[in-house]
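Here is the structure we will look at, set down as C-alpha cells.
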Amino acid sequence: MKNLLVTGGAGFIGTNFVYYWLDKYPEDHIVVLDALTYAGNKANLTEAEKNPKFEFVHGNILDQSLVETLLENHNIDTIVHFAAESHVDRSIHGPDEFINTNIVGTHTLLKAAKKIWLDADNKSHRFHHISTDEVYGTLGPDDPPFTELTPYAPNSPYAASKASSDHLVRAYHETYGLNTTISNCSNNYGPFQFPEKLIPLVIINVLFNKPLPIYGDGRQIRDWLYVDDHNRGVDLILEKGIPGQTYNIGGTNEWANIDIVHLICDLLLKKFSNDTSLAKQFANSPAAQANHPASLISHVKDRAGHDRRYAINAKKIKNNLGFIPEESFETGIRKTLTWFLDHQPWWNELLDVSYKDWIAVNYA
Ligand code: NAD
Ligand code: TYD
C-alpha cells in the first residue's frame, strides 16, 4: 500500500493520474497538492473527493514547510511530481513563472523530501519527476528518435526550465541518495486537457466556428500519446523502475500538426452527420451545415524558436519494464473527441480565459 503526494493533480495529466490510480489501487491514499493556477481546476477532482482515501490541498510547491507537513502528517512514501507551468507559448512571453515553479518549485520539493525522508530517519521512499521530451531539443526529418542518452538541448524557456529541474532531480539522487526516477514523455492528449493546447483548441474552435491557428507551415511533428498510456508508464516506473534512472515514454506516433488538424475536422464532420443533436448544440459550427471545418484553417506567424520535430525511442521502458501503449491514435483521438463533445460545461468555463489569453499571447 502506498501513500502518494501528487503535485499538480488538478491539471490535465495529474487529474487523469488520480482517477487512474484510485481505480487501479483502491487501497492507496492520495493527497493532491495544487496551487490552482489558470491551468488547475478543482472541479476536475469532484468525483475523487467522494473517495475517503483522497484529499485535496490547495497550496504551492514553493511552500517548503507545507510540503514537509504533508509528507509527515500523511506518512507519504511516494511523490509523483506533475506540477509545472506547461505551455510553451506562455513561456516565450513570460518565462519568470516557469523558472519559479518548474525549477525553484522542484528544488523546494527535493529539499523537503530529503529532509523528511533522508535526514530525519531513513524511510523507504520514491520521488518520481514527470518531464518532457522537449528537453532534448529538435530533430531533423531523418534523425533517429530521442533516447535517454540524447544530450539535452532545450530551445524554449519551458523546455529549459524542465531540463533544469531534471538535472536537480538527478543531482539529489547522485549526491544525497534520494530515490528518484524521471520520465520524459512525448505530447499527451485526452480528457481534461486545457483548451490552449493544440488538440482541444482545434476541437472547440471547430464547434464555435473560430479560426484554427496553424503556426507557420504546420509541418512540425510531434509524437502523440494518450494520457492514460503516459500514466501506465509512470505506474510501471513506480513499480519496477530503478532509482536514479530516466525512462522515455512515447507512442511511436509521429504526426505533422496540419495532418492532425485535418483529421479532427474530418472526424467532427462525420460525428455531426451521424448525430443530428450536435447541429442543434453547436449551431455555429460549419459542420452543423455539413460544411467541411477545414475551411477554418488559418496559417499564422510561427512560434519563436519552434522545434521542428520530436520523436521518442521508448525501447528502454518497453524492454525493461514491459510498457506497451493500449490506445492507438485512432481510438485515443475518438475517445478524446467524444469526451469534449460530452463535456461542454467543463470547457465553456475555461474558454473565455484560454481564448482571450491565446489572442493576447499570439497577437501581442
Ligand atoms: P497543466 O498545465 O495542465 O497542469 C499543471 C498543474 O500544476 C495545474 O493544476 C496547476 O494548477 C499546477 N501548478 C502549477 N504551478 C504550481 C505550483 N507552483 N504549485 C502547485 N501546483 C502548481 O500541465 P499538464 O499538461 O498536466 O502537465 C503535467 C506535467 O507533465 C508537467 O510537469 C509537464 O511538464 C509534463 N508533461 C506534459 C506533457 C503534455 O503533453 N501536456 C508532455 C510531457 C510532460
Ligand atoms: P502544443 O499543444 O502547445 O504542445 P507543444 O508545444 O508542447 O508541443 O502544440 C503542439 C504543436 O502544435 C506545436 O508544434 C505548436 C502547434 N500549435 C499550432 O500550430 N497552433 C496552435 O494554436 C497551438 C496551440 C499549437
Side-chain angles (χ1 to χ4, degrees), residues 6-17 32-42 44-45 57-63 66-67 80-92 97-98 100-102 104-106 108-109 129-135 138 155-156 158-159 161-162 165-166 183-190 192-202 205 211-225 227 230-231 233-234 248-250 255-258 260-261 297-303 306-310 312 354-355 358 361-362:
V6 177
T7 71
F12 160 47
I13 308 175
T15 294
N16 283 285
F17 179 83
V32 159
L33 173 63
D34 198 296
L36 297 180
T37 67
Y38 79 95
N41 187 350
K42 189 160 182 277
N44 291 355
L45 298 167
V57 176
H58 183 193
N60 202 305
I61 57 167
L62 287 154
D63 183 346
L66 170 64
V67 176
V80 188
H81 174 35
F82 291 96
E85 287 295 333
S86 68
H87 193 43
V88 173
D89 292 327
R90 287 178 190 260
S91 83
I92 294 167
E97 276 313 300
F98 289 73
N100 287 338
T101 287
N102 299 2
V104 184
T106 300
T108 306
L109 281 179
H129 177 58
I130 305 288
S131 192
T132 168
D133 58 359
E134 305 195 22
V135 298
T138 189
N155 291 319
S156 70
Y158 164 67
S161 68
K162 293 297 292 187
S165 63
D166 293 6
S183 50
N184 294 88
C185 190
S186 58
N187 284 60
N188 284 214
Y189 67 99
F192 298 105
Q193 188 163 31
F194 195 81
E196 66 187 351
K197 302 279 168 70
L198 181 70
I199 288 181
L201 183 129
V202 167
N205 284 12
L212 309 179
I214 306 289
Y215 299 163
D217 65 3
R219 302 304 317 167
Q220 303 85 0
I221 289 171
R222 300 290 182 265
D223 182 349
W224 293 91
L225 186 70
V227 61
H230 181 180
N231 287 328
V234 174
N248 282 353
I249 309 179
W255 280 77
N257 295 335
I258 187 77
I260 293 200
V261 174
I297 287 176
S298 160
H299 286 266
V300 298
K301 197 169 114 220
D302 206 354
R303 175 186 274 174
H306 199 168
D307 286 336
R308 199 69 189 161
R309 174 175 167 238
Y310 303 142
I312 281 276
S354 67
Y355 195 68
W358 184 86
V361 162
N362 285 283

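Order of appearance sets the numbers: ligands from 1, and atoms from 1 within every ligand.
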*Which of the listed options, Y158, Y310, F82, holds the heavy atom that is closest to atom 29 (C) of ligand 1?*
F82
*Which value, rounded to the nearest 0.5 Å, describes the distance between I258 atom CD1 and H299 atom NE2?*
4.0 Å
*Give the contacting part of L36 toward ligand 1: side chain, backbone, both or neither, where contact means a heavy-atom distance below 4.0 Å.*
backbone
*Could you pull out the closest heavy-atom pair between N155 and T138, with the gap in Å?*
ND2-N, 3.8 Å
*Closest contact, heavy atoms only, H87 versus F98*: O-CZ, 3.3 Å
*List the steps, then state whether side-chain contact (heavy atoms from CB on, under 4.5 Å) holds for H230 with I13.*
CA-CA 8 Å; H230 181 180; I13 308 175; 3.9 Å; yes
_The one among A159, G190, S186 that brings a heavy atom closest to atom 42 (C) of ligand 1_ = S186
*Looking only at non-hydrogen atoms, find the nearest pair between N205 and P213 and report the distance.*
ND2-CD, 4.1 Å
*Go through K162 and E134 one step at a time and tell me if the side-chain contact (heavy atoms from CB on, under 4.5 Å) criterion holds.*
CA-CA 8 Å; K162 293 297 292 187; E134 305 195 22; over 6 Å; no
_The one among G8, A10, S183 that brings a heavy atom closest to atom 7 (O) of ligand 1_ = G8
*Heavy-atom distances under 4.0 Å are what count here, so tell me which part of K162 touches ligand 1: side chain, backbone, both or neither.*
side chain
*Would you check if the distance from the ring center of F82 to the ring center of F12 is below 6.0 Å?*
no
*Of all the atoms in ligand 1, which lie at a distance below 4.0 Å from a heavy atom belonging to G59?*
20 (C)
*Run down the list I258, N187, T132, D133 and name the one with the heavy atom closest to atom 4 (O) of ligand 2.*
N187
*Charged N to carboxylate O below 4.0 Å: is that the case for E196 and R90?*
yes
*Which atoms of ligand 1 are found less than 4.0 Å from any heavy atom of T101?*
15 (N), 16 (C), 18 (N)
_By the definition salt bridge (Lys or Arg N to Asp or Glu O under 4.0 Å), identify the one residue from K301, R303, K197 that meets it with D89._
R303
_Taking atom 18 (N) of ligand 1 as the reference point, the nearest protein heavy atom with its distance_ = N60 OD1, 2.8 Å
*Are the side chain of S186 and the backbone of G250 linked by a donor-acceptor contact shorter than 3.5 Å?*
no
*Number the atoms of ligand 2 from 1 as they appear, then name those within less than 4.0 Å of a heavy atom of L201, with their elements.*
22 (O)
_Pair H81, T106: side-chain N/O donor-acceptor within cut-off below 3.5 Å_ = yes
_Proximal candidate to atom 41 (N) of ligand 1 [heavy atom criterion; set I249, V80, N187, I13]_ = I13
_atom 9 (O) of ligand 1: nearest protein contact (heavy atom, Å)_ = D34 OD2, 2.6 Å
*Between the candidates T7, I130, I61, which shows the shortest non-hydrogen contact distance to atom 30 (O) of ligand 1?*
I130
*Near H87, which atoms of ligand 2 are under 4.0 Å from a heavy atom of that residue?*
3 (O)
*Atoms of ligand 2 less than 4.0 Å from I214 heavy atoms?*
19 (O)
*asked:* Please list, in number order, the atoms of ligand 1 under 4.0 Å from a heavy atom of A39.
replied: 2 (O), 8 (C)
*Among D133, T132, D166, find the residue that satisfies the side chain to side chain donor-acceptor pair (under 3.5 Å) test when tested with N184.*
D166
*asked:* With nothing but distance in play, are any N or O atoms of R222 less than 3.5 Å from an N or O of ligand 2?
replied: yes
*Among all protein heavy atoms, pick out the one at the shortest distance from atom 10 (C) of ligand 1; state its residue, atom name and that distance to 0.1 Å.*
T37 OG1, 3.3 Å
*asked:* Could you work out, for atom 5 (C) of ligand 1, the closest of A84, C185, A83, G14 by heavy-atom distance?
replied: A84
*Between D302 and R308, is a salt bridge (charged side-chain N to carboxylate O under 4.0 Å, His left out) present by the stated rule, with each step listed?*
CA-CA 11 Å; D302 206 354; R308 199 69 189 161; 5.1 Å; no
*Heavy-atom pair of closest approach, residues N100 and L62*: O-CD2, 3.5 Å
*From the candidates N257, D223, L212, the one that places a heavy atom nearest atom 12 (O) of ligand 2*: N257
_Please determine whether side-chain contact (heavy atoms from CB on, under 4.5 Å) holds for the pair V80 and T7, giving the CA-CA distance in whole Å, both sets of side-chain angles, and the decisive distance to 0.1 Å._
CA-CA 6 Å; V80 188; T7 71; over 6 Å; no
_Geometric N/O contact A35 with ligand 1, under 3.5 angstrom_ = yes
*N/O to N/O below 3.5 Å, does that happen between N188 and ligand 1?*
yes
_Give the atom numbers and elements of ligand 2 that come within less than 4.0 Å of a heavy atom of K197._
2 (O)
*With no hydrogens and no angle check, is any side-chain donor or acceptor of S91 less than 3.5 Å from a backbone partner on Y158?*
yes
*Carefully, step by step, assess S298 and L212 under the rule side-chain contact (heavy atoms from CB on, under 4.5 Å).*
CA-CA 6 Å; S298 160; L212 309 179; over 6 Å; no
*Hey, which atoms in ligand 2 end up nearer than 4.0 Å to a heavy atom of H306?*
13 (C), 14 (O), 15 (C)
*Would you check if the side chain of N60 reaches a backbone N or O of D63 as a donor-acceptor pair within less than 3.5 Å?*
no
_Nitrogen or oxygen of G11 less than 3.5 angstrom from that of ligand 1_ = yes
*atom 2 (O) of ligand 1: which protein heavy atom is closest, and how many Å away?*
S86 OG, 2.7 Å
*With a cut-off of 4.0 Å, which atoms of ligand 2 are near a heavy atom of E196?*
24 (C)
*Identify which of D89, L198, I199 has a heavy atom lying nearest to atom 1 (P) of ligand 2.*
L198
*Check if G105 has a non-hydrogen atom at a distance under 4.0 Å from any atom of ligand 1.*
no
*Write down the atom of V234, the atom of S183, and the distance for their closest heavy-atom approach.*
CG2-OG, 4.2 Å
*Among all protein heavy atoms, pick out the one at the shortest distance from atom 44 (C) of ligand 1; state its residue, atom name and that distance to 0.1 Å.*
S131 O, 3.1 Å
*Quick one: does ligand 2 sit under 4.0 Å from the side chain of V300, the backbone, both or neither, non-hydrogen atoms only?*
neither
*atom 3 (O) of ligand 1: the protein heavy-atom neighbour that sits closest, reported with distance to 0.1 Å*: F12 N, 3.1 Å
*asked:* Considering both backbone and side-chain atoms of E134, is one of its nitrogen or oxygen atoms within less than 3.5 Å of a nitrogen or oxygen in ligand 2?
replied: yes
